[in-house]
Protein chains: 2
Amino acid sequence: MMSRCEQCLIKEFNNLNALSKEELKKISDSKDIHTFKKGEVIFSEGKFVTGVYCIKEGVCKSSQLNANGKEQIVKFTKKGDLIGYHSAITNEANTITVTALNDVSACFIPQELIKKPLDENAKFSTAMFKTVCSDLKEANNAITNISTNTVHQRMADLIIFLKDTYGSTEAGVIKIQLSRKEIASAVGTATESAIRILSGFKKDGLIDLTGKSITILNEIELKRLAEGL
Amino acid sequence: MMSRCEQCLIKEFNNLNALSKEELKKISDSKDIHTFKKGEVIFSEGKFVTGVYCIKEGVCKSSQLNANGKEQIVKFTKKGDLIGYHSAITNEANTITVTALNDVSACFIPQELIKKPLDENAKFSTAMFKTVCSDLKEANNAITNISTNTVHQRMADLIIFLKDTYGSTEAGVIKIQLSRKEIASAVGTATESAIRILSGFKKDGLIDLTGKSITILNEIELKRLAEGL
DNA sequence: TGTTTAATATGATATTAATCATTTAAAAAA
DNA sequence: TTTTTTAAATGATTAATATCATATTAAACA
């Protein structure tokens, strides 16, 4: 059960591969494998997280609540993602809530073991900088996307994003299942609107819908739609 | 003219104060003071920036263009802000365009002189991490704000933000002048809608408008509006 | 297995905001 | 200063999206 970080393949997907053998060994000695069931909250907005999670398996959503309690999904994680670094870096409460969208297994790495290499290992620190900058770039793109594109465009965009990020089966079924409410929250629209637009896409032969499964039938046209053509 | 960074007061507003005397001296020796007239572009989306700018005086907007060429303002800078760090950290093209909103004077610091302390000076590196994380936090808040709040709410929110960030005269006039188009772009709405909402706020006695100047008359009610009450 | 609860779907309607058209006012340029 | 250009304002209209109501389906549970 207690596998060694040094041998862990997941780290090839993230910045932990910039750590030295000694640093990895220390992490390996004190890390903890946590599992979360679908729907379980990994950490919440407003709470301090005392370490960083490395997602080994499963998908999470990062979301915020607005003043009226409406949820906005700001990011989806993928395998290998390091989450919860905000608290570790800033010593401030987290500003997002991360929730498992399916069964998730993640290694919990105590803060100190991240902070030390962040100060001492330039390779790791540079890699982490790139990650945070990339997250910021994506967030800026999302701002522009939400405020200048229509809900139709954003829905088409989300479907393409989900396919590109999580892949699809040979039959074309996207390998992530979201509720209509979650889809609406990611797109930034009302649940009913999301449902209507998905139904419309189905009627137009762009996608197929079976329960929570989405199958892309016409990716080219979806991409055109996403660009507003 | 060639003032020394070591004595510069602006650095007290940003992370450069975490640098050692030697590091500051190096920067001082090769920095360049650039001035930009109102409306001038400091650097553009898609271009590489070969250094970081430290804003000594003036205000800038950071914006992106969407596929249809519509501008979205994603951030306003203030005195002391370090801008253009994205390229320096990631070695990638910049993803935003920064434009002077009034006359701006900024010190240009070549990339190497930032990169080296970023690797070697943990205090500076930690400070920069906090800045990027804070920018990311703000961007996430903007996503939630734009997609869950109405244009009215966001307009009220922007007015409060501008007052808090740039201050106001004794008479209550906010110390930054934006065109209606820029206000619309920051709020994420059409120019006509922005104009209409501002006129509405004026009619309701919340603000006063004289040319491009905005005066807050009822901050409490504006804050209530921003929260959707 | 039946019963309850929650999720999805869809119609009708209301609201919000965008677009188009035109006027007025303010800057910039000749 | 006059002319030209650009920005701001406002009305009318259309389009997009949210909300409310209700039906249908699927999932959870007793």
Side-chain angles (χ1 to χ4, degrees), chain A residues 37-40 61 66-72 99 101-102 144-158 177-204 207-215 225-226 228, chain B residues 37-40 61 66-72 99 101-102 144-158 177-204 207-215 225-226 228:
Chain A
K37 290 226 175 308
K38 181 179 178 175
E40 236 182 297
K61 63 177 175 183
N66 82 340
N68 308 316
K70 202 176 165 192
E71 181 192 49
Q72 174 64 35
T99 311
L101 288 174
N102 45 34
T144 301
N145 180 30
I146 290 181
S147 75
T148 66
N149 295 346
T150 65
V151 178
H152 266 84
Q153 285 178 276
R154 277 140 54 199
M155 181 65 80
D157 193 64
L158 176 72
Q177 305 231 324
L178 300 171
S179 71
R180 298 295 189 260
K181 200 176 163 190
E182 284 165 340
I183 290 175
S185 169
V187 166
T189 189
T191 307
E192 297 95 320
S193 300
I195 290 171
R196 251 181 267 272
I197 288 164
L198 285 174
S199 303
F201 283 0
K202 184 181 179 180
K203 201 171 350 182
D204 296 342
I207 58 171
D208 199 20
L209 298 168
T210 315
K212 294 200 189 346
S213 293
I214 300 173
T215 308
L225 254 181
Chain B
K37 290 222 176 310
K38 181 179 176 173
E40 236 182 298
K61 62 177 175 183
N66 82 338
N68 308 317
K70 201 176 166 193
E71 181 192 51
Q72 173 64 35
T99 311
L101 288 174
N102 45 34
T144 301
N145 180 29
I146 290 181
S147 75
T148 66
N149 295 347
T150 66
V151 179
H152 266 82
Q153 284 178 275
R154 276 139 55 200
M155 180 65 80
D157 192 64
L158 177 72
Q177 304 231 324
L178 300 171
S179 71
R180 298 295 189 260
K181 200 177 162 190
E182 283 165 340
I183 290 174
S185 168
V187 168
T189 189
T191 307
E192 297 95 320
S193 300
I195 290 170
R196 250 181 267 271
I197 288 164
L198 285 174
S199 303
F201 283 180
K202 184 181 178 179
K203 201 171 350 181
D204 295 342
I207 58 171
D208 199 19
L209 297 168
T210 315
K212 293 201 188 347
S213 294
I214 300 174
T215 308
L225 254 181

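Lettering follows sequence order; numbering is per chain, from 1.
- Here the side chain of B:I195 is nearest to one of C:dT10, D:dA8, D:dA18, namely D:dA8.
- With B:S185 contributing its side chain and B:K181 its backbone, the two residues share no donor-acceptor pair below 3.5 Å.
- With hydrogens and angles ignored, the 3.5 Å screen pairs no side-chain donor or acceptor of A:T144 with any backbone N or O of B:Q72.
- Within the structure, every side-chain polar atom (N or O) of B:K212 is placed at least 4.0 Å from both OP1 and OP2 of C:dA26.
- Regarding B:L209, its CG atom lies at a distance of 16 Å from the C1' atom of C:dT24, rounded to whole Å.
- Of the residues in residues 196-203 of chain B, those placing a heavy atom less than 4.0 Å from an atom of DNA chain C are B:R196, in numerical order.
- Annotation: side chain of A:L209 is in contact with side chain of A:L198 (closest heavy-atom distance under 4.5 Å).
- Residues B:V151 and B:R154 are in side-chain contact: their nearest non-hydrogen atoms beyond the backbone lie under 4.5 Å apart.
- Distance CD1/A:I197 to CZ/A:R180: 12.5 Å, rounded to 0.5 Å.
- Side-chain atoms of B:N68 and A:T148, non-hydrogen and from C-beta on, never get closer than 4.5 Å to each other.
- Straight-line distance from the CZ atom of B:R154 to the P atom of C:dA17: 7 Å, rounded to whole Å.
- Residue B:N149 contributes atom CG, which lies 16 Å from atom C1' of D:dT17 at whole-angstrom precision.
- B:K70 comes within 4.0 angstrom of no nucleic acid atom, judged by non-hydrogen atoms across all strands.
- The distance from atom NE2 of A:H152 to atom C1' of C:dA17 is 17 Å, rounded to the nearest whole Å.
- Nearest approach of A:A184 to A:A194, heavy atoms of both residues: CB-CB, 3.7 Å.
- The NZ atom of A:K38 sits 11 Å away from the C1' atom of D:dA27 (whole-angstrom rounding).
- Contact of the A:L101 side chain with the A:E182 side chain is registered, since non-hydrogen atoms from C-beta on lie closer than 4.5 Å.
- Contacts between residues 177-191 of chain A and DNA chain D, counted as heavy-atom distances below 4.0 Å, involve A:T189, A:A190.
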